[in-house]
Amino acid sequence: MSSFLAITNPNAARRLFLGRSGLLLSGAAVALLAGRDVLAAKSGGSAAGDARILNTALGAELEAIAAYQLGAESGLLQKPVLDLAVQFQGHHKAHADLLAKTVQKLGGKAVSAKKKYDFPAESLKSQADVLRFAATLEQGAVSAYLGAVPLFDNRDLSKAAASILGDEAMHWAVLRNALGENPVPDAFVS
Amino acid sequence: MRRSALAVALALVAGSAGAKGDPARGEQLYARCAACHALAYDRVGPHHCGLIGRKAGTVAGFDYSPAMKKSGIVWTARTLNRFLADPARLVPGTTMTYAGIPDPKERADLIAYLEAAATSPQCRK
């Protein structure tokens, strides 16, 4: 397996990075699905609390999907940035699908996407505006998952949330890099 | 229900906003809220323009948790300080499923930003 660090061509490195970033969610999905019997057996307040946390995350994922759709349809993104946005949207769809299924396994009712989202579309006038908007959402998502990880009663769900956090942190870093900003400005996220 | 309302009331009385915050630093911290909140429009969470002085759970058209609607909280620097420290502790059942901000200075900075944002162009539209 080739090393990401050994690749000097940025485009090749990005292709490799993008190809592998889906592996993180796959790992979480496997962990969750493997624990389905445990999840199904849980009941009462702890399962309801975990489902509430997941539903809040699901709401944010559904909004992120809509936001990337707005960006993709804006006509402001050029390839390969457009491909990047579509790929990131695909990750959010995978997150949302997994979260919704898990909420249902916990006995909850998964939230649905809103019919309409209030995005600041009038302020998106360039590719950089769209990237900055997406980066803001991804940064917030990282913080939201970080704030959710310690709250789960089921530690498998904490692990899954941490896996999604890692994926969205990579989105944030790539978007910052595309904007010409330091992709990883700090040693810690908060 | 009466007991939980009393617990909320006591927690609010005991809370303190502490030191005066730095709104510029608070604006940076507000990035943590950006998965769910915006100043001027509702998202997964309600908008923050007009937050200070607003009764919790009362933004028209926003789908709050029953817990938030019944909390009886009015958002002030003091109540926000308590809530942001540990949302689920102050309002059990809130859908703001976030562990909280343990650092009092960070909370003060964030609250200072939310207070200052009330007069921002985004909130004056």
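The structure displayed is predicted, hence computed values, not measured ones.
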d(B/Tyr41 OH, A/Tyr117 OH) to nearest 0.5 Å is 12.5 Å
Ignoring hydrogens, what is the shortest heavy-atom contact between A/Leu137 and B/Ala34? Give both atom names and the distance. CD2-O, 3.7 Å
Would you say A/Leu131 ends up clustered with A/Val184 if hydrophobic residues are merged whenever their side chains have heavy atoms under 4.5 Å apart, either directly or through other cluster members? no
Part of A/Leu151 lying under 4.5 Å from any heavy atom of chain B: side chain
Decide yes or no for A/Lys114 and B/Asp63: does some side-chain heavy atom of the first lie under 4.5 Å from some side-chain heavy atom of the second? no
Residues 26-33 of chain B, side-chain donor-acceptor partners within the protein, below 3.5 Å, at least two apart:
from	atom 1	to	atom 2	distance (Å)
B/Gln28	OE1	B/Arg25	NH1	3.0
B/Tyr30	OH	B/His48	ND1	2.7
B/Arg32	NE	A/Ser190	OG	3.3
B/Arg32	NH1	B/Glu106	OE1	3.1
B/Arg32	NH2	A/Ser190	OG	3.3
B/Arg32	NH2	B/Glu106	OE1	3.3
B/Arg32	NH2	B/Glu106	OE2	3.1

Compare every heavy atom of B/Ala35 with every heavy atom of A/Ala141, then report the nearest pair and how far apart it is. N-CB, 3.3 Å
Minimum side-chain heavy-atom gap B/Arg43-A/Asp118 below 4.5 Å: no
Could you tell me which portion of B/Thr94 (side chain, backbone, both or neither) has an atom closer than 4.5 angstrom to a non-hydrogen atom of chain A? backbone
Between B/Val44 and A/Thr56, what is the shortest heavy-atom contact and its length? CG1-O, 4.0 Å
Heavy atoms only, distances under 4.5 angstrom: which of A/Pro120, A/Gly59, A/Ala64 has the most pairs with chain B? Name it, please. A/Pro120
Is it possible for you to say whether B/Ile101 and A/Val149 belong to one hydrophobic cluster, with membership spreading through side-chain heavy-atom contacts below 4.5 Å? no
